[in-house]
Amino acid sequence: MNPMSIAPYHEALDLLAAKLIEDERTLGVEFPYVTAPDGAWQTMPASVSAGYTGANWSHGNWFCGFWVGLLLASYLHTRDEKFLTLARERMLLVEQRAEDGNTHDIGFIFLSSAMPFYRITGERRYRDIALRAAARLRDRLVVTRKGAYISSWGPMSDPRGRASSAIDTMANIPLLYWAATESGDASFLLAAEAHARMTDRAFTRPDLTLYHAVEYDTTSGARLRGYTYQGQHDESSWSRGTGWSVYGLAATAGATGDRQYLARGGVIADKWLQQLGEDVVPPWDFNDISADAPKDSSASAIMAAGLIDLARLHRDEAERAKWQGEADRLLAGLCRDYLAREPGHRGLLRKACYSMPHQIGVQSAVMFGDYFFVEALMRFAMPGAFSLEHRQIV
């Protein structure tokens, strides 16, 4: 890639490093997750786990690992040891979540923190943390007559959570693929691939849009219903969900070498890009056609990371160029139009949307959006340094 074309990516990484150092002076032991209307970070302790309060479900702090990942990316970008020191201190707070059996989000927490920590430093302490977390994620596998899936929410003893899975889980399973390679235990890979196969079958509608969540019959494996927590309605096309799917399908293709997952990732991505049109950031839900529908920049950041993976996996040069070009278009647009350059805005990407139905983080920066944006930038700016790079499928 032309060095001039990635100059905006380095600018974004410079901005990230400056903001992280400023924010670390004020955060104490809590972790950011969304920005308030005034641009300040709202924070939560890493120890807040997911769980039910009556009939209501709380996701808890599923974003604490992303902050560690941003510190590690800034260390690689700047080679300033203070970022590595801060990341070590933060990991002491995050590590306690490695035995959390309540949520699939244990994948997000540790694939963004312990995994890159081990990759960067080679210290087995971080490898062991990530493997412990992967074992808890594997424990969430529910085996049915039609296949197996990873339950997304709640203790496995609770029938409400045990029957349900979300499209977000597709972006958690890369922790399992890494664990299979790192430990030599193929059960991690088998669990993750089984989940990807069943999710693709149960979540994909005839028009190639996706459900946010599915409730299964835990014996037969039949889909009882498709529904949403964060989309406009149960049958709508929640834009971020497609990014989670493409990211996980690409990871599955890379881990298994099976081209069917690469093809499915491309088909699902093509539908999303068709819905997006000439814009670079979608509405929070493609079915919200109102003039003032909030955007979700995190959806484009996540999709860009997945598209880069599709490009790296393809042996066909035309396909590689297509997906690389689309990823670059999204990232360039985010850098041009969505970077929070103003000092009062503490996030990196403006105009994301955590949950429109719950009115959380609407028109805000969101921690997961910033993380996947940076992961994608690092794959262009420093290939192979930060996150696992997929190789072409032979």
Side-chain angles (χ1 to χ4, degrees), residues 20 23-36 40-73 83-118 123 125-140 150-158 160-162 166 168-169 171-172 175-176 179 229-230 346-347 354-355 358 360-361 364-372:
L20 289 176
D23 289 336
E24 277 287 350
R25 300 188 185 114
T26 64
L27 291 174
V29 297
E30 297 201 349
F31 289 76
Y33 64 105
V34 298
T35 52
W41 279 121
Q42 296 181 332
T43 62
M44 188 185 298
S47 58
V48 179
S49 180
Y52 287 106
T53 303
N56 296 320
W57 172 256
S58 170
H59 289 289
N61 189 333
W62 60 278
F63 30 76
C64 51
F66 297 135
W67 187 256
V68 175
L70 294 178
L71 289 168
L72 291 171
F83 289 105
L84 195 58
T85 298
L86 289 167
R88 288 188 195 282
E89 293 170 354
R90 288 284 174 181
M91 271 304 298
L92 294 175
L93 300 169
V94 173
E95 180 182 357
Q96 62 189 300
R97 297 293 301 282
E99 297 296 335
D100 188 341
N102 282 342
T103 176
H104 68 159
D105 288 327
I106 195 169
F108 277 139
I109 293 171
F110 292 97
L111 65 83
S112 60
S113 60
M115 267 178 57
F117 230 131
Y118 177 56
E123 296 175 29
R125 157 180 165 73
Y126 299 110
R127 171 187 181 272
D128 293 344
I129 293 170
L131 286 175
R132 282 164 48 207
R136 298 290 76 75
L137 183 58
R138 181 185 55 189
D139 289 345
R140 301 192 65 80
I150 292 171
S151 165
S152 295
W153 304 298
M156 296 301 287
S157 59
D158 191 307
R160 293 171 294 179
R162 188 176 181 84
D168 317 43
T169 309
N172 281 268
L175 178 65
L176 298 179
Y229 283 110
Q230 292 177 300
R346 301 315 307 163
Y354 185 155
S355 179
H358 300 93
I360 301 172
S364 302
V366 296
M367 182 48 52
F368 50 89
D370 284 5
Y371 172 81
F372 283 98

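- Under the 3.5 Å distance criterion, the side-chain polar atoms of Ser112 are left unmatched by any main-chain donor or acceptor of Gly69.
- With contacts defined as side-chain heavy-atom distances shorter than 4.5 Å, the pair Pro45/Asn61 does not qualify.
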Output, in order, the C-alpha distance, side-chain angles, deciding distance and verdict of side-chain contact (heavy atoms from CB on, under 4.5 Å) for Arg125 and Arg88. CA-CA 11 Å; Arg125 157 180 165 73; Arg88 288 188 195 282; over 6 Å; no

Steps toward salt bridge (charged side-chain N to carboxylate O under 4.0 Å, His left out) verdict (Arg136, Asp139): CA-CA 5 Å; Arg136 298 290 76 75; Asp139 289 345; 2.9 Å; yes

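- Contact record, Leu20 with Leu70: CD1-O, 3.5 Å, taken as the closest heavy-atom pair.
- One distance of note links CD of Gln96 with CD1 of Ile109; it measures 9.5 Å at 0.5 Å rounding.
- The nearest pair of heavy atoms linking Thr35 to Ser364 is O-OG, 3.0 Å.
- At a threshold of 4.5 Å between non-hydrogen side-chain atoms, the residues Leu27 and Arg90 count as touching.
- A heavy-atom distance below 4.5 Å is found between the side chains of Trp153 and His59.
- Between the CD1 atom in Ile106 and the CZ atom in Arg138 there is a gap of 12.0 Å [rounded to 0.5 Å].
- Across every non-hydrogen atom of Asn172 and Leu111, the tightest pair is O-CD2, 3.8 Å.
- The CZ atom of Arg132 sits 14.5 Å away from atom CG of Leu137, with the distance rounded to the nearest 0.5 Å.
- Within the 4.5 Å cutoff, the side chain of Phe63 has no heavy atoms near those of the Tyr371 side chain.
- Here the side chains of Leu93 and Phe31 are in contact, with some heavy-atom distance below 4.5 Å.
- For the residue pair Asn102 and Ser49, the shortest heavy atom distance occurs at ND2-OG, 3.7 Å.
- Between Tyr126 and Phe117, the ring-plane angle classifies as parallel under the 30° and 60° cut-offs.
- Residues Phe110 and Met115 form no side-chain contact, since every pair of their non-hydrogen atoms from C-beta on lies 4.5 Å or further apart.
- Between Ser152 and the choices Thr103, Thr169, Asp105, the side-chain hydrogen bond (donor to acceptor under 3.5 Å, both in side chains) rule is met once, by Thr169.
- A side-chain donor-acceptor contact under 3.5 Å links Glu24 and Trp67.
- Of all heavy-atom pairs between Leu175 and Ala130, the closest is CD1-O, 4.0 Å.
- One finds the CD1 atom of Ile129 at 12.5 Å from the OH atom of Tyr118 (value rounded to the nearest 0.5 Å).
- Contact annotation: the side chain of Ile150 approaches that of Leu176 to within less than 4.5 Å [non-hydrogen atoms, C-beta and beyond].
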Evaluate the criterion side-chain contact (heavy atoms from CB on, under 4.5 Å) for residue pair Met367 and Trp41; output intermediate values, then yes/no. CA-CA 10 Å; Met367 182 48 52; Trp41 279 121; 3.6 Å; yes

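- Side-chain atoms of Trp62 and Arg97, non-hydrogen and from C-beta on, never get closer than 4.5 Å to each other.
- Looking at every heavy atom in both residues, Leu72 comes nearest to Ser113 through CD1-O, 3.8 Å.
- Scored by the salt bridge (charged side-chain N to carboxylate O under 4.0 Å, His left out) test, Arg346 finds Glu22, Asp23 as partners (sequence neighbours excluded).
- Ring centroids of Phe108 and Phe66 are separated by less than 6.0 Å, placing the two rings close together.
- Rounded to the nearest 0.5 angstrom, Leu84 CG and Glu89 CD are separated by 10.5 Å.
- Checking Arg162 against Ser151 by side-chain atom types alone, no donor-acceptor pair falls below 3.5 Å.
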